[in-house]
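Below is one structure, written out as structure tokens, with a few remarks after it.
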Amino acid sequence: LTVAGALRDRLDRARAADRTLTGIASRQSAAAALGAGLSAVVCGLTVVAAAFVGAQAVRDGRLDGVALAVVVLTPLAAFEAVTGLPLAVQYRQRVKHSAERVFEVLDAPAPVHEPAVAAAPPAGPFPLELAGLSARHAGQDRPALDGFTLTLDAGRRVAVVGASGSGKTTLAQVLLRFLDAERGTYRLGGVAAAELDGDDVRRLVGLCAQDAHLFDSSVRENLRLARTDASDEELREALRRARLLDWADRLPDGLDTLVGEHGSKLSGGQRQRLALARALLADFPVLVLDEPAEHLDLATADALTDDLLRATEGRTTVLITHRLRGLDAVDEVVVLDGGRTVQRGPFAELAAVEGPLRRMLEQERETDRLLDGVTAPAADRPTFLSK
């Protein structure tokens, strides 16, 4: 934020948000205090009035002393039933807003429509075929993915690259049936994916996402989410393939070491490698890696991408990424722009000719060079960066 010159703006926004929240809390506290105060005042006045009337009745002989105690205590007992009303009014407002958020979800159009009667899943997903496929998110004016075509056979690895918003993650959502295709076909082993139960599709096509969730539990239990019956030998093999076994062996409690909430005790690279080990343990026939190196520094991102490609060798893989380093190891690169395929082919061929991928490659190299200058010692930095 400091380098980008955005720190002051972010701090101002944080202070404004804090003032807003403080104002809301103050109003809620004032309302609660007013309600409780009014209840106490009204109850007290009622008791005083009852005592005054009762005392007059005792003096006139219409009421004895024991009955006077009942008259005075009756308002106190009656007000116990209404003491919680001010708080109930506040909770009613909270529940109302909560219900509005719940109904927003319930009333939202379903991104995926499950078939009334699901077809029997195929024995395997191959060939996995996308033909002329278009998909659109709710509220969008144009398709996020338009006329996309891809065929995957066993062992084939494809990288899908493009700028942010080019449709890469939409492709992952379609492959996992988190989003229905608007046009075109998507077939697994000759069966239309739309005719299959979503869970059957996700048994054939698995995902390792950039924000894969880690639970506040042990390394072992986070891995066993993929296969609850996995043995320690299988867990260790998955960690070895994800280049995490040496790290796991050095942990104080081994596989029983806690990773913290959202994996807070791990580095970004370790979190992604653990998510990859979990995906490898699940042994999906087709594995989709959606921006696995996102949010990592360049050195860690490139090392992780290299390990991902080594770990998935021989496995049908769709690697969705904005980094081009190491993609010469895949069979085909598909370049997306605005949801459309603008270039495809082997990485070496695309990098050798003028086109979108070559321009992306040159831009990436220039960015890497500049970032290397920023992180270099001051004496080695370019003059304009030092200033």
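With rounding to the nearest 0.5 Å, the separation of OG in S231 from CD in E237 is 10.5 Å. One finds the CG atom of L179 at 10.5 Å from the CG atom of L171 (value rounded to the nearest 0.5 Å). Within the model, atoms CZ of R365 and CG of L361 stand 3.5 Å from one another, a figure rounded to the nearest 0.5 Å. One distance of note links CD of E332 with CD of E349; it measures 10.5 Å at 0.5 Å rounding. The distance from atom CG of L214 to atom CD of Q272, rounded to the nearest 0.5 Å, is 8.5 Å. With rounding to the nearest 0.5 angstrom, the CG atom of L357 is 8.0 Å from the CG atom of L327.
The salt bridge (Lys or Arg N to Asp or Glu O under 4.0 Å) test with D283 is passed by exactly one of R203, R227, R315: R315. Of the options E354, E366, E364, a salt bridge (Lys or Arg N to Asp or Glu O under 4.0 Å) to R359 is made by E354 and by none of the others. A side-chain contact (heavy atoms from CB on, under 4.5 Å) with L175 holds for exactly one of L133, L128, I320, L150; it is L128. When R10, R8, R15 are each tested for a salt bridge (Lys or Arg N to Asp or Glu O under 4.0 Å) with D12, only one passes: R15.
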- Walk me through it: do R183 and D146 pass the test side-chain contact (heavy atoms from CB on, under 4.5 Å)? CA-CA 9 Å; R183 292 191 305 274; D146 193 4; 3.7 Å; yes
- Assess whether side-chain hydrogen bond (donor to acceptor under 3.5 Å, both in side chains) is satisfied between H322 and S164, documenting all intermediate values. CA-CA 8 Å; H322 66 279; S164 179; over 6 Å; no
- Stepwise side-chain contact (heavy atoms from CB on, under 4.5 Å) check, L319 with T312: CA-CA 10 Å; L319 172 60; T312 57; over 6 Å; no
- Give the C-alpha distance, both sets of side-chain angles, the deciding distance and a yes or no for side-chain contact (heavy atoms from CB on, under 4.5 Å) between T317 and V330. CA-CA 9 Å; T317 308; V330 303; over 6 Å; no
- Query: Could you walk me through whether Q270 and R273 pass the side-chain hydrogen bond (donor to acceptor under 3.5 Å, both in side chains) check?
  - Reply: CA-CA 5 Å; Q270 289 166 346; R273 290 173 192 274; over 6 Å; no
- Task: Decide side-chain contact (heavy atoms from CB on, under 4.5 Å) for R241 and E313; before the verdict, give the C-alpha distance in whole Å, the side-chain angles of both, and the deciding distance to 0.1 Å.
- Result: CA-CA 10 Å; R241 295 179 63 190; E313 191 170 355; over 6 Å; no
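Hydrophobic cluster membership for F103: V102, L106 (Ile, Leu, Val, Met, Phe, Trp, Tyr linked by side-chain heavy atoms under 4.5 Å, directly or transitively). Annotation for V105: hydrophobic cluster partners, listed by chain and number, are none (ILVMFWY side-chain heavy atoms under 4.5 Å, direct or chained).
No more than 12 heavy atoms of other residues, nucleotides or ligands sit less than 6.0 Å from atom CD of Q363. Counting heavy-atom neighbours within 6.0 Å of R236 CZ, excluding the residue itself, gives a total of 12 or less. Enclosure of atom CZ in R94 by more than 12 non-hydrogen atoms of other residues, nucleotides or ligands within 6.0 angstrom is indicated. Other residues, nucleotides and ligands contribute at most 12 non-hydrogen atoms within 6.0 Å of the CG atom of D141.
Using a 4.5 Å heavy-atom cutoff, the side chains of D197 and E114 are in contact. Using a 4.5 Å heavy-atom threshold, the side chains of L244 and V219 count as separate. Using a 4.5 Å heavy-atom cutoff, the side chains of T321 and E291 are in contact. Between N222 and R278, some side-chain heavy-atom pair lies under the 4.5 Å cut-off. In this structure the side chain of V47 reaches within 4.5 angstrom of the side chain of V72, judged on heavy atoms. Inter-residue side-chain proximity for T305 and L309 is flagged as met; some heavy-atom pair is nearer than 4.5 Å. In this structure, the side chains of K265 and L251 stay at 4.5 Å or more apart for every pair of heavy atoms. Looking at R202 and F284, their side chains never come closer than 4.5 Å, going by heavy atoms from C-beta outward.
Of the possible donor and acceptor atoms, one in the side chain of S134 sits under 3.5 Å from a partner among the backbone N and O of G147. Remark: side-chain polar atoms of D64 are paired, donor with acceptor, to backbone N or O of A67 under 3.5 angstrom.
Using a 4.0 Å cut-off between a side-chain N of Lys or Arg and a carboxylate O of Asp or Glu, R220 and D232 qualify as a salt bridge. Salt bridge present: R13 and D9 bring a charged side-chain N and a carboxylate O closer than 4.0 Å.
The two residues L281 and A238 have their closest heavy-atom pair at CB-CB, 4.1 Å.
Grouping the Ile, Leu, Val, Met, Phe, Trp and Tyr side chains by contacts below 4.5 angstrom, directly or via other members, places L287 apart from L207.
Residues that satisfy the ring pair (Phe, Tyr, Trp, His ring centres under 6.0 Å) test with F215, not counting sequence neighbours, are H213.
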